[in-house]
Amino acid sequence: MTTAARPDLPKTYDPAEIEPRLYARWLAMGVFHEEPDPARPPFIISMPPPNITGRAHLGHGSTYTAMDVLTRYHRMLGENADWLPGQDHAAIATEAVLVRELAKEGLSRDGLGREKFLERAWAWREQYGGEINEAFKVLGFGPDWERERFTMDPGLSAAVIKVFCDLYDDGLIYRGTRLVNWDPVTQSTLSDAEVEDEERDTSLWHIRYRGEDGGEGVVIATTRPETYLADVAVAVHPSDARYAHLVGKNVVLPIVDRAIPVIADEAVLADFGTGAVKVTPAHDQTDYEIGQRHDLPMPTVIDFDARVTAPLWRYDEKPERRAPIDAQAPRMTAYAGLDRFDARKRIVEDLRALGALVQEQPYRTKLPLSSRSRAVIEPLLSLQWFVTMKPLAEPALEAFRRGSPRFVPERFGRTYAAGLENIRDWNISRQVWWGHQLPVWYTANDDVVVAPDENEAKRIARERYGTDELRRDPDTLDTWFSSGLWPFSILGWPERTTELEHWYPNQVMVTAREIIFLWVMRMVMLGLRFVGRVPFDDVFVTPLVFDLHGRKMSKSLGNGIDPTTDLVPKYGADGTRLGILRQMRLESQELRFDERFCDEAKRFGTKLWNALRYTLALPEGLPGANVLPRAESLTVADKWILTELRACVETVTHAYDGYALGVAADALLQFGWYTFCDWYVEATKAPGQEASRGAVLSFVLNAFARAMHPIAPFLTEEIWQTLPHDGATIVTASWPDLAEIPSFPEDAATFHTVIEKVEQLRNARSEWGIQPKDWMRVEIPASLEPERGVVESLATLARAQIATYDGGDGTLRDRILAVRGVADTAKLRERYTREAARLESEVARSEKKLANEAFIAKASPDVVAAERAKLDEYRRELARVREALGALGD
RNA sequence: GGGCGGCUAGCUCAGUGGGAGAGCGCCACAUUGACACUGUGGAGGUCAGAAGUUCAAUCCUUCUGCCGCCCACCA
């Protein structure tokens, strides 16, 4: 047991001084570190690794605070709790940052060369990659820093290579030419999940393609007129009578005078646009599929810089075999080298001049944007590596049908399952250098060798192809390929480590909704395949953070908030955390961040701090930690606050268990401020409370601090340390045990009546305009006589003199407490008149209800009895108010 | 087009099949020692609209409207 160390506390709790000091102490004590311990139940969370380019934002404030709270809670429960941190190399994002840095020095990536570029990248990572960890420390997060991992650590890289090789050997990774999402800014492909749609105003251009026979031909509608140069057909719906006569005939592309066939395909919607659609297989996903079905050629007209090429060319895996299609080249030269959007303007003008542009109709469409660069994605043919997803998705779906993982809130499980059901092959190769280079080599004849390292590749090549002259594929893997292994790669997989044995699967994955497709699905699929189990029992999906007006937070809108620089200096880490959690609702999908909650949370901290000061300043001093007097020595107020404390701890425990962090935060604030400070602390100032109050205040604060510690780690540590306590730090203290907290329901009810009386008194004083200097005489029921001192004390503001009456259980308001000559009679009358009207309407409502035979017959007896009791009460009150009104005279 | 969430006091949000809640803001009052980063009281709402189920609906069902999100090959 340690006694109170510092009797002279400042009036205000100062987070700026206290928080860094406590965090440093926790680190020195190693409280966040755990070793696998089969004797205790595990509680493991793998931290979603932030990008090394990342900065703290409010998303971390919600999602990562939730993880910290859960880990701290389960640690206090005595579980083998560990939060495993790390970082993601964020291939494209990081490379973009590096390219910008180099540009400032007048350097380019290609000029520097791969080796030098990667040296720079690692140096950058060393220098800036840990910044977000500092932010996390400022926020009080306590992951197991000793276990920090990076997706490009040797161990994790080995896991990546093994997974690639195994999937390749199993025939689930293939190389092929497909239409991919090309980001012309970062010069790399993106997976479907990395493409975001954004609505933009544009036009729908209607263009006439005349018949080859000189007829009217057909009018197509398009949002991308610049790609018409590479059209290979016009498609209509098979049952569209308007165009049936044209199917099988040719129409002619304007300007370039190239003839293309009209074909019928189910994918065309007869009621959209003109019902006829141009088919450009090399630049549109739907068209690509139509092209495949009809075995159409796939000429390309836009290059990897998003410029129009002239002439057209035919994509080939080997650049030297890419053949120009120069038949129409002379007529296209005007567009050669133009950016796709400039080309669009020129082509529209030229078509208009030619009379081929039938109509230009304003139109709002969704543009595919790169989530990395915000550039408009260009669908392009390219030779890339893919993962066949269906065989991976099937076991994941089966597991989900058996209930694993469990989603909280449950509805996100349906989103997840729908994603698995509609899964498409995953493009995993990226044309950046920063990342895991594909373990793929080619012979001079383009024979493919996949191997974990170069020596093994050479051995295989010699054996199979009689050569060890190899060149390695320059591409790297999609960042999500390595993060998809996260929950097991950070535990040492493929080695069979103790950590992997005891800590896989994790108990919960906490993440945001938008990551379900990008990440959660892939972790499950890969975890199932390579470790044989779903990597986590629960997936807790936290709400997305928006600003007060419901707009997404973003740098460009200028409404982004960095909690460490924008909130912690103002409210402290505790205030920031509590303020955010108070707004987190389990079933809600968005959180409109309102800073007022942080302000409230900070003031709550000060309030508790002062309750602590009050407790420490008690003249009679404090007993040892968690020592309560025997029940006979406790006052009614003591028994009430202990009962309330127990209820609070119970609520908070259930809330944490169900991930309802907002409910836990509410309950703690409600109890701490309004129940404990406003009523109990005040009550202890009444005469007759001295004998027990020190012990009870100390006991309640100690238990309350522990219950609130997961949410507000610093303040609660400081309170706990200052009061008598057992142990070195609250971080490893035990969760309040309900069995330790006595409960006295009957006494609690009595004190509840005290509160009601006092509130009525205060209300009366205020409503009736009783001046501070004036006193009024009030009466309380005989049953409260023993608590007279408390009522008197709490009612001090009302300047009340207490008398006892024995008239049953009537309320104070009705008794009217002889107000002698001090109250404003007019105000009193007004008040009573209003009160009488209210009671009359309540009586009428209740009478009507009870007169309803159906109600009596069908409602449950409890409800009917309660309604009768209410009616009696209303009638009694009404009679008293009327009596009082009469007594007022004129 | 499909799916999902929301609509409760000026603002941000809890909540419940049976007498509408919190914080902030607003108004009034209170400064003799835990705290002015305070305390006390008050005003303020046809619980989006309509229909249905029910003895009883803000809550359950259906429809409508508006806001938002996700998915999908509407050029």
Side-chain angles (χ1 to χ4, degrees), chain A residues 9 11-13 197 204-205 220-224 227 235 267-269 271-280 284-290 363 365-366 409 411-412 414-415 418-419 422 513-514 516-517 543-544 546 548 550-552 571 575 582-583 585 587-597 599-618 662-663 666 669-670 673-674 677-678 681-682 685 758-759 761-767 769-772 797-798 841-842 845-846 849 852-860 862-864 866-867 870 874:
Chain A
L9 299 179
K11 271 171 88 167
T12 307
Y13 173 78
D197 288 335
L204 189 61
W205 288 276
I220 57 93
T222 182
T223 53
R224 299 210 56 195
T227 64
V268 182
L269 301 175
D271 57 357
F272 183 87
T274 62
V277 60
K278 64 198 266 313
V279 180
T280 324
D284 183 277
Q285 187 63 41
T286 310
D287 293 5
Y288 177 78
E289 286 160 21
I290 293 176
Y363 187 66
T365 190
K366 279 181 193 159
R411 64 190 142 86
F412 288 113
R414 293 194 290 277
T415 306
N422 301 317
R513 184 176 73 238
E514 54 190 357
I516 292 175
F517 288 95
L544 287 177
F546 295 86
L548 262 184
R551 296 177 309 181
K552 225 170 180 170
Y571 311 111
R582 285 254 294 142
Q583 300 173 70
R585 292 299 144 180
E587 291 298 325
S588 180
Q589 65 183 7
E590 71 177 55
L591 186 166
R592 293 196 181 185
F593 180 71
D594 189 339
E595 209 169 311
R596 288 177 299 189
F597 283 91
D599 185 57
E600 177 196 47
K602 185 204 168 200
R603 288 186 290 109
F604 176 45
T606 305
K607 189 77 183 168
L608 287 174
W609 186 249
N610 279 290
L612 172 69
R613 291 179 66 224
Y614 169 79
T615 303
L616 288 174
L618 290 176
V663 171
D666 285 354
L669 188 125
Q670 186 68 35
W673 202 327
Y674 304 103
C677 288
D678 285 353
V681 170
E682 290 306 318
K685 296 173 183 174
V758 170
E759 280 180 340
L761 253 166
R762 290 167 173 170
N763 167 295
R765 189 205 150 273
S766 172
E767 286 277 294
I770 296 173
Q771 294 303 304
L797 277 179
S841 81
E842 290 289 1
R845 185 192 57 74
S846 193
K849 198 166 184 175
N852 182 347
E853 284 174 24
F855 173 69
I856 305 296
K858 298 195 179 180
S860 84
D862 288 358
V863 171
V864 177
E867 191 62 36
K870 267 192 281 181
Y874 288 139

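All of these numbers come straight from a predicted model, not from anything done at the bench. Sequence lines set the chain letters: A, B, ... in the order given, protein chains first and strands last, and positions in each chain run from 1.
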Which one, [options], comes nearest to the side chain of [X]?
X	options	result
F597(A)	U12(B), A36(B), C71(B)	U12(B)
R596(A)	C11(B), C35(B), G18(B)	C11(B)
F272(A)	C71(B), A75(B), C37(B)	A75(B)

So for K685(A) and A34(B), does any side-chain atom that can act as donor or acceptor lie under 3.5 Å from a complementary atom in the base?
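Flag set: donor-acceptor pair detected.
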
Side chain E682(A) and base A34(B) donor-acceptor under 3.5 Å:
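Yes.
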
Got a sec, which residues hit ring pair (Phe, Tyr, Trp, His ring centres under 6.0 Å) with Y571(A), two or more places apart in sequence or on another chain?
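Expected list: none.
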
Which residues share a ring pair (Phe, Tyr, Trp, His ring centres under 6.0 Å) with F604(A), sequence neighbours left out:
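With neighbours one apart ignored, the set is W673(A).
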
Mark yes or no for whether N422(A), through its side chain, and A418(A), through its backbone, hold a donor-acceptor pair below 3.5 Å.
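A pair under 3.5 Å: yes.
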
Contiguous Watson-Crick or G-U pair runs (3 or more, under 3.5 Å) in RNA chain B:
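In RNA chain B, stems of three or more pairs: B:1-7 with B:65-71, B:10-13 with B:21-24, B:26-30 with B:38-42, B:48-52 with B:60-64.
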
Looking at [X], does any N or O in its side chain come under 4.0 Å of the phosphate oxygens OP1/OP2 on [N]?
X	N	value
W673(A)	C37(B)	no
S588(A)	G6(B)	no
Y674(A)	A22(B)	no
K607(A)	G39(B)	yes
R603(A)	C24(B)	yes
K870(A)	G18(B)	no

Pick out the pairs of N or O atoms, protein on one side and nucleotides 55-58 of chain B on the other, that lie under 3.5 Å.
{"from": "C55(B)", "atom 1": "OP1", "to": "K858(A)", "atom 2": "NZ", "distance (Å)": "2.3"}
{"from": "C55(B)", "atom 1": "O2'", "to": "N852(A)", "atom 2": "ND2", "distance (Å)": "2.8"}

Starting at CZ of R603(A), measure out to CD of E600(A) and round the result to the nearest 0.5 Å.
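These two atoms lie 6.5 Å from each other.
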
Between V663(A) and R845(A), which is nearer to the 5' end of RNA chain B once each is assigned its nearest nucleotide?
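Taking each residue's closest nucleotide, the earlier one in sequence belongs to V663(A).
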
Protein-nucleic acid N or O pairs under 3.5 Å, nucleotides 65-68 of chain B:
{"from": "G68(B)", "atom 1": "N2", "to": "Q589(A)", "atom 2": "NE2", "distance (Å)": "2.8"}

Are any protein N/O atoms closer than 3.5 Å to N/O atoms in nucleotides 42-47 of chain B? If there are, list each pair with its distance.
{"from": "G42(B)", "atom 1": "OP1", "to": "N763(A)", "atom 2": "ND2", "distance (Å)": "2.8"}

